[in-house]
Amino acid sequence: MRIPGGDQIFFLGMMLLFGWLAAHYARRLAAVARALRAGGRAAGVCVRIESEPYNRSEARRYVFSFRAPEDGRTIEFEELASRAVKVGSEVTVAYDPAAPERTATVAGRGGWSPLTQYGLLVTGCGLAAAGFTAVFVFTTF
């Protein structure tokens with residue numbers, strides 16, 4: 001069964017989804033770059049790893065914690081990590097002392113740098129958005 005305009009709705013949805021993801025990861029990339037430039041460093045630890053309920057997905061969310069030396073607050077943040085990271089793993093956290101909640105990132109984790117990770121995500125999502133936009137334009141007009 002063919003739905004009139006269904007192709008355009010699909011491509012429009014994909015454009016919006018990947019455009020939003022590219023913008024989201026670009027904002028995170030800017031925050032990570034600011035944290036690495038600001039030079040704030042602290043010892044941190046992986047406090048928990050959250051997975052999908054009922055094991056519907058292999059996706060995991062890594063939550064790290066550190067104590068900001070400026071005011072002693074404990075700050076938790078979510079970050080990309082490899083499967084080698086376990087609860088209790090010690091890490092170095094880079095952050096901007098002016099806004100540690102928004103800029104904290106795990107630095108020097110032995111894998112890819114945070115700038116490379118978010119840069120690849122921005123590039124991939126941006127290219128996907130551009131591809132879906134091109135297909136949408138050519139199928140619509």
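FYI, the numbering just counts along the sequence from 1. Because the structure is predicted, anything quoted here is derived from the model rather than measured.
- A search for ring-ring contact (aromatic ring centres under 6.0 Å, His included) contacts involving Tyr25 returns nothing, not counting sequence neighbours.
- Heavy atoms only, all atoms of each residue included: Pro114 and Val106 are closest at CG-O, 3.3 Å.
- Under the 4.5 Å side-chain heavy-atom criterion for grouping Ile, Leu, Val, Met, Phe, Trp and Tyr, Val135 is connected to Leu17 within one hydrophobic cluster.
- Residue Met15 holds its CE atom at 11.0 Å from CD of Gln8, rounded to the nearest 0.5 Å.
- Each of Leu80, Val85, Val91 was compared with Tyr62 under the side chain to side chain contact (heavy atoms under 4.5 Å, CB included) criterion, and only Val85 meets it.
- Rounded to the nearest 0.5 Å, atoms CZ (Phe64) and OG1 (Thr105) are 9.0 Å apart.
- We find the CZ-CZ distance between Arg102 and Arg27 to be 12.0 Å, quoted to the nearest 0.5 Å.
- Taking all atoms of both residues into account, the shortest heavy-atom contact from Pro69 to Tyr95 is CD-OH, 2.9 Å.
- Counting all heavy atoms, side chain and backbone alike, Asp7 lies closest to Arg2 at OD2-NH2, 3.3 Å.
- Closest of all the heavy-atom pairs between Val47 and Ser65 is CG1-CB, 3.4 Å.
- Two residues are said to be in side-chain contact when any heavy atoms from C-beta on lie closer than 4.5 Å; Glu70 and Pro100 fail this criterion.
- Closest of all the heavy-atom pairs between Ser51 and Arg60 is CB-CG, 4.4 Å.
- Atom NZ of Lys86 is separated from atom CD1 of Ile49 by 6.5 Å, given to the nearest 0.5 angstrom.
- Both Leu21 and Phe10 are assigned to one and the same hydrophobic cluster, defined by single-linkage of ILVMFWY side chains at heavy-atom distances under 4.5 Å.
- Here the CG atom belonging to Leu12 is positioned 8.5 Å from the OG1 atom belonging to Thr140, to the nearest 0.5 angstrom.
- Sequence neighbours left out, the pairs with a member in residues 39-48 that pass side chain to side chain donor-acceptor pair (under 3.5 Å) are Arg48-Glu50, Arg48-Glu76.
- Pairs of residues two or more places apart, or lying in two chains, that qualify as ring pair (Phe, Tyr, Trp, His ring centres under 6.0 Å) and include a residue from residues 122-141 are Phe18-Phe132.
- Linking Ile, Leu, Val, Met, Phe, Trp and Tyr residues whenever their side-chain heavy atoms come within less than 4.5 Å leaves Leu127 and Met14 in two separate clusters.
- Heavy-atom minimum distance, Ala22 versus Val122: O-CG2, 4.0 Å.
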